[in-house]
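Comments concern the structure below.
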Amino acid sequence: MTDSLRAARRIALFLPLLLLAPQTLPAQEVEPPASLQLEGETPWIYENSDVPRDEEWQFGELANGLRYGVRENGVPPGQVSIRVRIDAGSLYESDSELGYAHLLEHLLFRESKYLGVAEAIPTWQRLGATFGSDTNAETSPTHTVFKLDLPDVNAAKLDESMKLLSGMVRDPVLSDANVRAEVPIVLAEKRERGGVGERVSEQTMQTLFAGQRLAERITIGTEDSLQAATGNSVSAFYDRWYRPQNTVISVVGDLDPVLFASMVEKYFGDWSKPGAPAKAPDFGDPVAPASADPVNPVGEAAVIVEPTLPRAFTFGYFRPWRQVDDTIAYNEGRLRESLALALINRRLEARARAGGSYLYAQASESKISRSAHATLVQFAPLTEDWEAALTDVRAVIADALANPPTQEEMDRELAEMEVGFANMVEQRSVLAASGYADDLVNAVDIREAIAAPETFLMVFNSMKAKTTPQALLDDTRELFRGSVIRATYVTPEAGEATEESVRTALRERVDADSNARLAAQSIDFADLPAIGEPGEVVLRSPHGLGDVERIEFGNGVKALLLANDHEPGRVAVKVRFGAGIRAFDADDAPYISLGESALVQSGLGELGQEELDRISTGRKMGFDFDIGEGTFSFSAMTRRQDLADQLYLFAAKLGMPRWDANPIARAKAAGRLAYQSYEASPSGVLNRDLEYYIYDKNPIFRTSTPDALAETSVEGFREVWQPILQQGPVEILIFGDYDREEAVAALSRTFGALPDRKPIPQQVLNRKIELAPAGETVVRYHKGEANQAAAVIAWPVGGGLAEIRKSRQLSILTEVFSNRLLEAMREKAGASYAPSVRLDWPIDVDSGGSIMGYAQLQPRDVPVFFAEADRIARELTQTPPTADELARATEPLRNYYERISSGNYFYLLELEGSTSDPRRMQALRGILNDYSQTTPEAMQALATEYFGGTSAWRMAVIPEGQKLASGTSPGGAQSRR
């Protein structure tokens, strides 16, 4: 797609946005670099593979051994995504270097050849990239990847960015001072991610990968190894692995790929390192204990007792990982494995839905960190009788191992798989550059090739034509064989199981459960009852914005339609109705969370949960449900051929809801099991308690206790939710690639056929959602690690459409605040890894919004966080932000909204609600200006309005048995009260 076509699309959708769109520049001819592989030459990623080449990729290899792939892609317009992958992760560390791969990821951002200390993040922000999303990195056991999604790009900006990246990768400053400065930040990250979850993860890895390098190489490292790190020791790891031969660069975006290749060669072509490359360590193979039964090689097992966690059982069949030739035949085999597991998972889910002994169960297959090829089975026992749950799960699998599936079962899963692959082909022109860039580095990581969507569909069709029930039975049996079988059981109760009892249970023979199979059942939308008499269109007119059309039916239902082919294969549908969270009375709280989990699953008309699954087989349909501040919504991403039936499902849920008991019982069980895990960590307590306390102990925000859930019933569920489904105007938005007239006809048969809606009671509409007044810090307690805490600070800001433009300016102020808080708490104090500030401005109600700061930290640093946040708020009222601070805030915001404004879904979200409140449409005008243009004086005025003379609301979550600290020196001795 050319730049001029993208500009035309913006014009068609919304003319005022063009005023801020980047100018189209004439393309410049670039001489292809010598490193680009020639036509007819096998690209390096396709060696030993007969997978058809994706011709949109171009590949190259430099003389120094560095490899790259480049590709043009204009989604979103004006963006280039760059990935630099180093073939070295935690598995490459020696015993004295634990955590060094991840520490290096941090150090490359700290200081390098072209970037001074702590300049990387501000520099990328000035270039329009948001830290944490557009600019990021990841370290895994097998690689380290540096990621940049560069918006609003041109050749000069790309050149500068490649230069900066090359300086980071080739010439980082690995001094003692930088190591000393960064280690506390890494330790803060370790602390925030640690605790119960880290303990369970480490014990699980040590058990499932016993005897292998992966068992002892946790990516974050250990406190001892990190504290012992020096500039020299980290440099030794860097020099060993950061070499051109270990580097792959992926560049995908809205410029000439030959230019990308030229930039790679320009900035990495002369990179050289002395000496021969180090050989990658042996990761080891899974091996059964000598005493294991060769037929059923049960090996290591662990019982992990954690009083704050729900029960979870994992067992797996582990085989050695081996490099493969990525051929068509190999991929056909992988697809058959996926088909076999889909059949088993369907049966496991059906058993859970019917009220089995486990809440959920799922089997999966994975090649894990080039260390093992494993088939894993995970499930959650509903009670302490884990052995009964294990037997039930194994019995379902045993039947799949004993008998071939029916053709009807196979056809059902094949239809599900086919729609996914076909949709990939249909949507290939709108797949994002960042996804393609990630695909390449991920393919390199697993040592496989890369393929176009058409190839995936071709291989699937080839597999489908060859697969028989007997062949699938053979594949299933291979999946559940291994060199060793290992297991872990997490339980809150000591003495409930032992390692030997787990091994004994896995050695026991189980009988195949022939009842696990799902009976053949044919359901068709054409056979379903009509929702009512088709409704009459009483108004059809332009909505006043581009090609958006407004439709109204005689029953009061309204719809907004935007049909175009800008995003092939995608149709976004959203249905808005009712009063949202305001609809509930104080006594309804337990039914709110149950509704989020079970309302859709409880069925509609003649369709229960199983029937809903069957009728959507082979279709691209969804059914997301959300409870907003002022409205409820159903939403889905579908496609043209499924749109009418998608609308039927949504309308039928409103017009003829069903109230099956099993989904409600299952949701109650899930809520009961989850509740005990909240107190395991500060973040868990916040998930449980923050909304309740920040909204002044409003009972509708209280997380339901197990006792409260036990008091609920199916009858009570229906009493709460049935009137909600009947109340308030309905608005449908359909934006995307579909036929407008067909959609109007489908709306007439579905939403137009609904009975007249009942009004929302006035007392419900009058309800306010207000923040609690400032006062004493709310202190809550967790039962996790003694060195973990969390802190929240918030200022009320309101909500609604009347001041929507002010809210956008507040977004800029919030970004300035967040950048300052990050610098204060992370860079200067090393007290928190990822403190943040965010703006919450509800649109559908005019109250309840906030500017909220959050950090995880040590208990002694909680008062430091509050003091720093207060200081920043106060200083913003006294001295306006600098021009540079505003640029770092507005450039990422401007680029973000320019990128998303090229898509249909952006307009759907911005126009929702506008059929009843035209201010929604008016608010869209000037949106880019509001987010990108401001003045220091405007920011100071906003800070004065919301921070000046206003005390903030505070909440702290600290370890049980401790008192809230009262000092303000980061990391120092604290007085307590």
Side-chain angles (χ1 to χ4, degrees), residues 350 353 408 412 415 518-538 551 553-559 571 573-578 595 598-625 632-636 638-664 714-715 717-719 721-732 734 738-739 741-758:
R353 287 177 179 176
E408 189 271 343
R412 181 179 181 183
L518 302 178
Q521 185 180 6
S522 178
I523 307 175
D524 193 282
F525 275 96
D527 300 328
L528 297 180
I531 291 173
E533 288 296 319
E536 179 185 356
V537 175
V538 296
I551 309 288
F553 291 91
N555 61 357
V557 169
K558 302 172 184 177
V571 183
V573 183
K574 191 167 189 178
V575 178
R576 290 162 47 92
F577 64 94
L599 182 67
V600 173
Q601 287 76 10
S602 62
L604 51 93
E606 300 177 359
L607 306 178
Q609 196 170 7
E610 169 61 21
E611 289 77 23
L612 282 172
D613 279 354
R614 283 189 176 274
I615 204 166
S616 61
T617 296
R619 322 286 291 276
K620 183 172 176 56
M621 304 175 78
F623 210 136
D624 293 333
F625 174 55
F632 300 97
S633 66
F634 299 143
S635 59
T638 185
R639 55 183 182 167
R640 177 196 301 247
Q641 55 266 49
D642 297 324
L643 175 59
D645 294 334
Q646 180 72 70
L647 292 172
Y648 179 93
L649 292 182
F650 285 162
K653 189 64 196 179
L654 295 179
M656 43 189 185
R658 182 182 174 112
W659 309 100
D660 282 355
N662 279 344
I664 298 168
V714 177
E715 294 75 18
F717 186 89
R718 181 171 183 168
E719 287 175 8
W721 281 102
Q722 189 163 31
I724 285 174
L725 295 176
Q726 298 170 345
Q727 289 175 358
V730 175
E731 177 187 73
I732 308 104
I734 310 174
Y738 64 95
D739 182 275
E741 298 308 317
E742 290 177 0
V744 172
L747 283 169
S748 175
R749 296 191 303 270
T750 55
F751 285 94
L754 289 172
D756 291 345
R757 305 284 293 172
K758 297 179 181 179

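Worth knowing before you read on, the calculation uses all heavy atoms, side chains too, and leaves out hydrogens, waters and symmetry mates.
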Practice prompt. Starting at CD of Glu742, measure out to CD of Gln641 and round the result to the nearest 0.5 Å.
Written response: 10.5 Å
Worksheet entry | Within-4.5 Å side-chain heavy-atom neighbours: Glu606 and Ile523 | no
Worksheet item: For Glu741, what residues pass the side-chain contact (heavy atoms from CB on, under 4.5 Å) criterion, not counting sequence neighbours?
Response: Arg540, Asp739
Worksheet entry | Student check: side-chain heavy atoms of Phe634 and Val573 closer than 4.5 Å | no
Worksheet item: To the nearest 0.5 Å, how far apart are CD in Glu715 and CD1 in Ile664?
Response: 9.0 Å
Discussion item. Any heavy-atom pair between the side chains of Phe553 and Val537 that's under 4.5 Å?
Written reply: yes
Worksheet item: How close do Pro529 and Met656 get, heavy atom to heavy atom, and via which atoms?
Response: O-CE, 3.8 Å
Practice prompt. Walk me through it: do Leu604 and Trp659 pass the test side chain to side chain contact (heavy atoms under 4.5 Å, CB included)?
Written response: CA-CA 8 Å; Leu604 51 93; Trp659 309 100; over 6 Å; no
Discussion item. Quick test of your reading of the model: are Glu610 and Arg614 salt-bridged, counting only N-O distances below 4.0 Å?
Written reply: yes
Discussion item. Would the distance check show the side chain of Lys574 and the main-chain N or O of Ile734 forming a donor-acceptor pair, the cut-off being under 3.5 Å?
Written reply: no
Worksheet item: Shortest non-hydrogen contact from Lys653 to Gly603?
Response: NZ-O, 2.6 Å
Worksheet entry | Distance (rounded to the nearest 0.5 Å) between Trp721 CH2 and Ser602 OG | 10.0 Å
Worksheet entry | Side-chain ion pair, Asp613 and Arg353, N-O less than 4.0 Å | yes
Fill in: Main-chain N/O of Pro729 paired to Lys558 side chain as donor or acceptor, under 3.5 Å
no
Discussion item. Can you tell me if Glu408 has over 12 outside heavy atoms packed within less than 6.0 Å of its CD?
Written reply: yes
Worksheet entry | Point-to-point distance, once rounded to the nearest 0.5 Å, from CZ of Phe751 to CZ of Phe650 | 7.0 Å
Item to complete: Heavy atoms only: give me the nearest Thr617-Ala415 pair and the separation to one decimal.
Response: CG2-CB, 3.9 Å
Worksheet item: Quick one: does Asn555's side chain have a donor or acceptor within less than 3.5 Å of a partner on Gly752's backbone?
Response: yes
Worksheet entry | Val575, Thr750, Ile531 screened by side-chain contact (heavy atoms from CB on, under 4.5 Å) with Leu647, the one that passes | Thr750
Item to complete: Mind checking side-chain contact (heavy atoms from CB on, under 4.5 Å) for Asp645 and listing every partner two or more places apart, or none if nothing turns up?
Response: Phe525, Arg619, Met621
Fill in: Close side-chain approach of Phe623 to Leu612, heavy-atom, < 4.5 Å
no
Worksheet item: Could you state the interatomic distance from CD (Glu611) to OG (Ser616), rounded to the nearest 0.5 Å?
Response: 11.5 Å
Practice prompt. Assign the ring pair Phe632 / Phe625 to parallel, tilted or perpendicular, where the plane angle (0 to 90°) is split at 30° and 60°.
Written response: parallel
Practice prompt. Could you list the residues that satisfy side-chain contact (heavy atoms from CB on, under 4.5 Å) with Asp624, not counting sequence neighbours?
Written response: Ser635
Response to the item:
Heavy atoms of Ala598 and Pro663 approach each other most closely as CB-O, 3.6 Å
Practice prompt. Would you mind reporting whether Asp660 and Asn662 have side-chain heavy atoms less than 4.5 Å apart?
Written response: no
Discussion item. Nearest 0.5 Å, please: how far is CG in Leu643 from NZ in Lys620?
Written reply: 13.0 Å
Worksheet entry | Presence of salt bridge, Glu731 and Arg757, under 4.0 angstrom | no
